[in-house]
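Worksheet: one structure, shown below.
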Amino acid sequence: MELWYTERQTPHVGITCQVKETICTRKTPYQELAIIDTFQFGKMLVLDGMVQATEVDEFVYHEMITHVPLNTHPHPQDVLVIGGGDGGTIREILKHREVSRAVLVEIDKEVVEACKEYFPHLSRGLEEERVEVLFEDGLKHIKSRENAYDVILVDSTEPVGPAVGLFTREFYQDIYQALKPQGILVAQTESPFFNGDLIRSVYKRISSTFPLTRLYLGSIPTYPSGLWSFTLGSKEHDPLKAGKIKKTLDTRYYNQEIHHSAFMLPGFVRDLMEED
Ligand code: SAM
């Protein structure tokens with residue numbers, strides 16, 4: 001019998017994949033977690049019916065959320081990830097030797113445990129000495145921090161459930177306080193085709209908090225519409241003036257040219273950044 005999984009990305013559009021095997025499904029205190037093995041994308045982590053990461057295309061998202069800011073900051077040492085329980089973003093951060101401390105603040109312990117079991121390729125960095133894993137709400141963690149991190153990456157689920165607060169002006173203001181003077185924030189900000197209103201309001205909130213705000217794009221087949229946005233807020237350094245990127249990293253999507261071209265935006269995306 002053929003089994004197919006559909007994520008309803010909007011009320012009228014979905015992505016459908018043929019399933020080899022349902023590996024696990026469970027209800028955690030925060031969300032419904034499923035891991036399925038698919039013919040096209042390999043193993044897939046699904047939270048509340050939304051694809052978070054797949055073996056085949058996770059590298060795009062994890063490289064883009066990480067290397068753009070870490071190659072813009074002149075000397076990133078302390079890096080915080082909010083969300084990101086699959087471990088992929090931490091794995092990329094650890095490729096930067098000058099990072100001495102990478103902190104993961106994930107609200108749901110069961111996501112980390114399931115990914116350690118079924119996605120070792122993503123989560124292998126979580127055991128490293130430079131990494132600290134805290135199971136708490138990112139909103140709470142950031143409230144009590146000042147001048148603590150060089151780079152903060154918001155690797156969150158979609159703005160539903162516990163992640164709603166991770167898209168608010170107050171949260172970005174707390175992040176500003178938690179960043180050191182040359183600090184940089186990057187947040188995943190969804191699809192320009194399907195989430196234009198969200199991108200518009202997040203861009204406005206970050207640009208009213210940080211002196212420099214820029215939006216950049218990456219192409220991720222299993223995310224809604226395949227085109228994904230990231231919003232960067234910086235206290236001082238401009239990614240477009242980063243010049244030659246500092247080091248050769250072991251990457252499959254991100255490179256010197258992508259570091260710049262990801263910021264070259266189509267007109268309809270640029271329009272999202274204009275004042276109404
Ligand atoms: N790459 C993914 C995407 O954009 O689809 C994000 C993946 S990662 C698994 C997202 C994580 O954010 C989830 O494990 C979820 O538990 C966590 N999360 C949601 N709200 C949170 C909060 N308030 N504090 C910390 N972690 C949170």
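For ligands, and for the atoms within them, numbers begin at 1 and follow the listed sequence.
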_Side chain, backbone, both or neither: which applies to Y30 and ligand 1 if a contact is any heavy-atom pair less than 4.0 Å apart?_
neither
_Give the atom numbers and elements of ligand 1 that come within less than 4.0 Å of a heavy atom of A163._
19 (C), 20 (N)
*Under a 4.0 Å N-O cut-off, is there an ion pair linking D37 with K43?*
no
_Please check this pair: side chain of Y5 against backbone of T22, looking for a donor-acceptor N/O pair closer than 3.5 Å._
no
*asked:* Under 4.0 Å from a heavy atom of V111: which atoms of ligand 1 are those, numbered in the order shown and with their elements?
replied: 14 (O)
*asked:* With a cutoff of 4.0 Å, is G84 in contact with ligand 1, counting heavy atoms of the residue only?
replied: yes
_Side chain E7, main chain Q9, donor-acceptor under 3.5 Å_ = no
*asked:* Within ligand 1, which atoms have a heavy atom of D86 less than 4.0 Å away?
replied: 7 (C), 8 (S), 9 (C)
*Can you tell me the protein heavy atom closest to atom 27 (C) of ligand 1 and the distance?*
I107 CG2, 3.7 Å
_Aromatic centroids of F193 and F268 separated by under 6.0 Å_ = yes
*Would you mind checking which non-hydrogen protein atom is closest to atom 7 (C) of ligand 1, with the distance to 0.1 Å?*
Q52 OE1, 3.3 Å
*asked:* Whether the side chain of S229 engages the backbone of T189 through a donor-acceptor N/O pair (distance < 3.5 Å, no angle test) should be reported.
replied: yes
_Residue V105 vicinity, atoms of ligand 1 by number, heavy atom under 4.0 Å_ = 25 (C), 26 (N)
_Check ion pair K95-E92 (N to O, under 4.0 angstrom)_ = yes
_Give me the residue, atom name and distance of the protein heavy atom closest to atom 14 (O) of ligand 1._
E106 OE1, 2.8 Å
*Salt bridge present between E127 and K116 (N-O < 4.0 angstrom)*: yes
*Should D271 and R200 count as an ion pair when the cut-off is N to O under 4.0 Å?*
no
*Report yes if some N/O of W228 lies less than 3.5 Å from some N/O of ligand 1; otherwise report no.*
no
_atom 1 (N) of ligand 1: the protein heavy-atom neighbour that sits closest, reported with distance to 0.1 Å_ = Y223 OH, 2.9 Å
_Atoms of ligand 1, numbered as shown, that sit under 4.0 Å from any heavy atom of V51_ = 5 (O)
*asked:* Please determine whether a side-chain nitrogen of the Lys or Arg among E58 and R91 lies less than 4.0 Å from a carboxylate oxygen of the Asp or Glu.
replied: yes
*ligand 1-proximal atoms of L166, by part, heavy-atom distance under 4.0 Å*: side chain
_I need the atoms of ligand 1 closer than 4.0 Å to a non-hydrogen atom of D108, numbered in the order shown._
16 (O)
*Does the distance from a Lys or Arg side-chain N to an Asp or Glu carboxylate O, for E63 and R252, drop under 4.0 Å?*
no
*Record the part of M50 in heavy-atom contact with ligand 1 below 4.0 Å; permitted values are side chain, backbone, both and neither.*
neither
*For ligand 1, indicate whether the residue D155 contacts it via side chain, backbone, both or neither (heavy-atom separation under 4.0 Å).*
both
*Per-atom contacts, ligand 1 versus P162 - under 4.0 Å to a heavy atom*: 20 (N), 22 (C), 23 (N)
*Contacting atoms of ligand 1, where contact means under 4.0 angstrom from a heavy atom of L47*: 13 (C), 14 (O)
*Specify whether F230 and Y216 have parallel, tilted or perpendicular ring planes, treating 30° as the upper limit for parallel and 60° as the lower limit for perpendicular.*
parallel
*How close does the nearest protein non-hydrogen atom get to atom 12 (O) of ligand 1, and which residue and atom is it?*
G83 CA, 3.4 Å
*Under 4.0 Å from ligand 1, counting heavy atoms only, is it the side chain of Q188, its backbone, both or neither?*
side chain
*Report the relative orientation of the aromatic rings in F210 and Y176; use parallel for angles under 30°, tilted for 30 to 60°, perpendicular for over 60°.*
perpendicular
*For atom 24 (N) of ligand 1, what is the nearest protein heavy atom, given as residue, atom name and distance?*
G138 N, 2.8 Å
*Answer yes or no: is there an ion pair linking D238 with R214, defined by an N-O contact shorter than 4.0 Å?*
yes
*Lys/Arg N to Asp/Glu carboxylate O, E136 vs K109, below 4.0 Å*: no
_Residue, atom name and distance, where the atom is the protein heavy atom closest to atom 19 (C) of ligand 1_ = T157 OG1, 3.3 Å
*Quick check: does L45 get an N/O under 3.5 Å from an N/O on ligand 1?*
no
